[in-house]
Visitor: 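Would you mind keeping the following structure in view while I ask a few things?
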Amino acid sequence: MQSFFTAGDTRLHYRTDGERGNPCLVLSNSLGTDLSMWDAQADALASDFFVVRYDTRGHGQSASGGAPFGIERLGQDVVALLDHLDVAQAAFCGISMGGLTGQWLGIHQPRRLTHLVLANTAARIGAADAWLARAAQVRREGMGGVAYGAAARWFTPAFITAEAATVARMIAALRGQDADGYAACCAALAQTDLRAQLAAIALPTLVIAGEHDPVTTVDDARWLQGQVAGAQLASVPASHLSNVEAAPAFTARLRAFLLA
């Protein structure tokens with residue numbers, strides 16, 4: 001089922017798969033993608049979970065709202081979604097930007113979560129100046145320049161060759177993203193640094209790394225694991241969008257962690 005809900009000052013798009021009586025799993029997308037990036041996981045996990053996917057504000061069919069926002073707003077959007085669906089607690093899996101949203105939730109809204117999965121992410125991703133420069137670029141020139149180099153950031157050369165249709169579809173979706181919404185998320189990433197707060201997370205946590213990820217590296221994942229007491233670490237043979245490139249391995253690790 002696909003629908004919309006109101007969060008703060010805007011309307012966000014979401015989709016559910018599976019039975020409402022099953023444990024809830026929320027999936028949060030990366031910068032420049034939409035909820036369709038989780039198709040493989042939703043198909044595989046809907047028999048065991050009530051799978052909830054949403055387009056992060058400013059992405060896909062979700063509007064960005066009328067004012068600048070930070071990671072707190074992105075976390076509050078998830079709380080609003082759970083409230084809208086009358087879900088008291090859910091497992092949460094976020095990748096890259098979605099992983100930062102998950103970290104904020106684990107720090108500030110732990111009572112709403114049962115499990116936390118942080119994929120291809122870090123407590124601080126990139127440098128503020130670079131994010132602000134990218135935001136300015138897309139506002140000035142549109143999404144074409146960002147889309148041009150995205151495949152090499154997201155996937156390994158082998159995957160780009162073997163799964164050309166998948167790569168082309170995701171790059172086309174990136175090119176079609178709203179530039180202002182994308183830029184607003186870049187500005188949010190520029191100001192997000194959760195390194196000093198991570199030790200507050202006390203949830204069952206799994207960190208997933210892409211073995212070939214140049215954006216958020218295996219070392220970044222190990223550092224995250226070391227900050228969260230009891231956190232587990234897994235790696236899959238992929239670059240930055242590991243849930244797409246290594247979907248079977250990613251899903252298997254996610255399922256095993258949530259059902260342990």
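Everything numeric here is computed off the predicted structure, so don't read it as measured data. Sequential numbering from 1 along the given sequence is applied to the chain's residues.
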Visitor: From S239 OG over to N120 CG, what is the distance, rounded to the nearest 0.5 angstrom?
Guide: 8.0 Å
Visitor: Could you tell me if the side chain of Q197 sits less than 4.5 Å from the side chain of H108, heavy atoms only?
Guide: yes
Visitor: Of the non-hydrogen atoms in A246 and P237, which two are nearest, and what is the gap between them?
Guide: CB-O, 3.9 Å
Visitor: Working to the nearest 0.5 angstrom, can you tell me the gap between M97 CE and C186 SG?
Guide: 8.5 Å
Visitor: Salt bridge between R15 and D17, side-chain N to carboxylate O under 4.0 Å?
Guide: yes
Visitor: Between S96 and H240, is the side-chain hydrogen bond (donor to acceptor under 3.5 Å, both in side chains) condition met? List the steps.
Guide: CA-CA 8 Å; S96 195; H240 192 54; 2.8 Å; yes
Visitor: Would you say the side chain of T217 lies within less than 4.5 Å of the side chain of W223, judging by non-hydrogen atoms?
Guide: no
Visitor: So, Q89 and T114: side-chain donor and acceptor under 3.5 Å apart, yes or no?
Guide: no
Visitor: On a heavy-atom basis, which atom in F50 and which in L85 lie closest, and how many Å separate them?
Guide: CE2-CD1, 4.5 Å
Visitor: So, do Q103 and L118 sit near enough that their side-chain heavy atoms are less than 4.5 Å apart?
Guide: yes
Visitor: Any heavy-atom pair between the side chains of Q232 and P204 that's under 4.5 Å?
Guide: no
Visitor: Looking only at heavy atoms, which two atoms of V79 and R112 are closest? And how far apart?
Guide: CG1-NH1, 3.6 Å
Visitor: Using the rule that Ile, Leu, Val, Met, Phe, Trp and Tyr join whenever any side-chain heavy atoms are under 4.5 Å apart, tell me whether V218 and L254 fall into a single cluster.
Guide: no
Visitor: Where is the tightest heavy-atom contact between L198 and L224, given as atom of each residue plus distance?
Guide: CD1-CD2, 3.3 Å
Visitor: Using the salt bridge (Lys or Arg N to Asp or Glu O under 4.0 Å) rule, pick out the option among D34, D77, D180 that qualifies with R57.
Guide: D77
Visitor: Under 3.5 Å, is there a donor-acceptor pair linking the side chains of H13 and D55?
Guide: yes
Visitor: Go through the side-chain N and O atoms of Y54 and S62 and say whether any donor and acceptor fall under 3.5 Å apart.
Guide: no
Visitor: Would you kindly say whether T216 and D213 are connected by a side-chain donor-acceptor distance under 3.5 Å?
Guide: yes
Visitor: Distance only, no hydrogens: is a donor on one side chain within 3.5 Å (strictly under) of an acceptor on the other, for T156 and E245?
Guide: yes
Visitor: So, taking the atom named CG in D193 and the one named CG in L100, what distance separates them when rounded to the nearest 0.5 Å?
Guide: 9.5 Å
Visitor: Compare all side-chain heavy atoms of F155 with those of M170 and state whether any distance is below 4.5 angstrom.
Guide: yes
Visitor: Has E141 got more than 12 heavy atoms of other residues, nucleotides or ligands less than 6.0 Å from its CD?
Guide: yes
Visitor: Any idea which heavy atoms bring R253 and A234 closest together, and the distance?
Guide: CD-CB, 3.7 Å
Visitor: Quick check: H115 with F92 (ring centres under 6.0 Å apart)?
Guide: no
Visitor: Please tell me whether Y14 and H84 form a close aromatic pair, meaning their ring centres lie under 6.0 Å apart.
Guide: yes
Visitor: For the residue pair D48 and N22, establish whether any side-chain heavy-atom pair is separated by less than 4.5 Å.
Guide: no
Visitor: Is there a continuous path of hydrophobic side-chain contacts, each under 4.5 Å between heavy atoms, that joins F4 to V26?
Guide: no
Visitor: Are L174 and T33 close enough that some pair of their side-chain heavy atoms sits under 4.5 Å apart?
Guide: no
Visitor: If hydrophobic clusters are built from ILVMFWY residues whose side chains come within less than 4.5 Å, do V52 and L35 share one?
Guide: no
Visitor: Is it true that, when you exclude R153 itself, more than 12 heavy atoms of the residues, nucleotides or ligands shown sit nearer than 6.0 Å to its CZ?
Guide: yes
Visitor: Given side chains that start at C-beta, do those of W154 and V215 come closer than 4.5 Å, heavy atoms only?
Guide: no
Visitor: Are a donor atom and an acceptor atom from the side chains of R134 and Y182 found within less than 3.5 Å of each other?
Guide: yes
Visitor: With rounding to the nearest 0.5 Å, note down the distance linking NE2 in H212 to OG in S235.
Guide: 9.0 Å
Visitor: Are I208 and V117 close enough, and set up right, to give a side-chain contact (heavy atoms from CB on, under 4.5 Å), and what steps lead you there?
Guide: CA-CA 7 Å; I208 300 179; V117 181; 3.9 Å; yes
Visitor: Hey, could you give me the CZ/CZ distance between R124 and R195, rounded to the nearest 0.5 Å?
Guide: 6.5 Å
Visitor: About how many Å separate CD1 of I71 and CH2 of W104, when rounded to the nearest 0.5 Å?
Guide: 9.0 Å
